[in-house]
Amino acid sequence: QVQLVESGGGLVQAGGSLRLSCAASGRTFSVYAMGWFRQAPGKEREFVASISRNGGTTYYSDSVKGRFTISRDNAKNTVYLQMNSLKPEDTAVYYCAADSRSLVGGPGYQYNYWGQGTQVTVSS
């Protein structure tokens, strides 16, 4: 089992940047494919980005491609989401997710561990 704790959220103006972190504890971090998801008020949770166990494969939603970058540091048991050129429509609670059943994970994958989320608010 793994415990996930997100941090780094906050209030930022449109065009600004934030870096989210997700620290994992418990089982060896490198066995988990990781993902970031978000949920805006009144909307379904949606996939944002994912990264494979070794960091070699990443996926992004079309809405964030070219602006967000997912990365991981297995030595620090942490996955990151660098968010640049933020837009008001990026406002949401951001969740990280983990799963050890897949090498890669991805947009349609059902992750089995979730963090509590961190709020990101982008003002116009």
Side-chain angles (χ1 to χ4, degrees):
Q1 195 165 354
V2 64
Q3 292 77 46
L4 305 171
V5 179
E6 301 96 334
S7 62
L11 174 64
V12 64
Q13 288 189 331
S17 298
L18 283 174
R19 188 176 82 155
L20 305 184
S21 299
C22 174
S25 61
R27 197 177 166 191
T28 304
F29 181 65
S30 59
V31 306
Y32 293 97
M34 302 295 296
W36 284 98
F37 292 75
R38 66 187 182 187
Q39 187 167 20
K43 295 188 176 181
E44 296 288 319
R45 185 173 63 195
E46 66 173 355
F47 170 82
V48 175
S50 65
I51 190 166
S52 60
R53 291 183 183 182
N54 65 1
T57 301
T58 58
Y59 295 105
Y60 296 93
S61 68
D62 288 342
S63 61
V64 307
K65 199 172 296 182
R67 300 188 297 122
F68 291 11
T69 302
I70 188 171
S71 62
R72 66 189 295 161
D73 186 336
N74 285 348
K76 295 183 178 180
N77 294 348
T78 302
V79 63
Y80 304 98
L81 186 68
Q82 178 65 45
M83 306 186 295
N84 298 330
S85 302
L86 282 161
K87 305 175 181 180
E89 51 263 43
D90 293 318
T91 295
V93 177
Y94 283 71
Y95 299 90
C96 75
D99 200 285
S100 60
R101 298 168 295 174
S102 171
L103 292 174
V104 176
Y109 192 74
Q110 298 296 315
Y111 292 82
N112 59 358
Y113 297 106
W114 294 84
Q116 84 289 347
T118 186
Q119 176 71 47
V120 171
T121 303
V122 184
S123 63
S124 57

Working for side chain to side chain contact (heavy atoms under 4.5 Å, CB included), residues Ser30 and Arg53: CA-CA 6 Å; Ser30 59; Arg53 291 183 183 182; 5.9 Å; no
Quick check on the hydrophobic clustering: are [X] and [Y] connected, directly or via other members, by side-chain heavy-atom contacts under 4.5 Å?
| X | Y | result |
| --- | --- | --- |
| Leu20 | Tyr59 | no |
| Val48 | Val93 | no |
| Val31 | Leu4 | yes |
| Trp114 | Tyr32 | no |

[atom2] on [Y] to [atom1] on [X], rounded to 0.5 Å:
| X | Y | atom1 | atom2 | result |
| --- | --- | --- | --- | --- |
| Met34 | Ser52 | CE | OG | 12.0 Å |
| Ser50 | Asp99 | OG | CG | 11.5 Å |
| Cys96 | Ile51 | SG | CD1 | 12.5 Å |
| Ser25 | Gln1 | OG | CD | 9.5 Å |

Those residues at least two apart in sequence (or on a different chain) that pass salt bridge (Lys or Arg N to Asp or Glu O under 4.0 Å) with Lys65 are Asp62
Donor-acceptor check, side chain of Glu6 to backbone of Thr118, threshold 3.5 angstrom: yes or no? no
Considering only distance and modelled atom types, tabulate donor-acceptor pairs under 3.5 Å from the side chains of residues 77-85, sequence neighbours left out.
residue	atom	partner	partner atom	Å
Thr78	OG1	Lys76	O	2.8
Gln82	NE2	Asn84	OD1	2.9
Asn84	OD1	Ser17	OG	2.9

- Verify whether the ring centers belonging to Tyr109 and Tyr111 lie closer than 6.0 Å. yes
Heavy-atom pair with the smallest gap, counting every atom of [X] and [Y]:
| X | Y | answer |
| --- | --- | --- |
| Tyr95 | Gln116 | CE2-O, 3.5 Å |
| Thr91 | Ala40 | O-CB, 3.6 Å |
| Leu18 | Gly8 | CD2-O, 3.8 Å |
| Ala14 | Ser124 | CB-CA, 4.4 Å |

Mind running side chain to side chain contact (heavy atoms under 4.5 Å, CB included) on Leu86 and Phe68 for me, showing each step along the way? CA-CA 9 Å; Leu86 282 161; Phe68 291 11; 3.8 Å; yes
Report task. Assess whether atom CZ of Phe47 is packed by more than 12 heavy atoms of other residues, nucleotides or ligands within 6.0 Å. Result -> yes
Within the 4.5 Å heavy-atom criterion, are Cys22 and Trp36 side-chain neighbours or not?
yes
Quiz item: Does Val120 reach the side chain of Arg38, with side-chain heavy atoms less than 4.5 Å apart?
Solution: no
Hits for ring pair (Phe, Tyr, Trp, His ring centres under 6.0 Å) against Tyr94, two or more places apart or cross-chain, chain-then-number order -> none
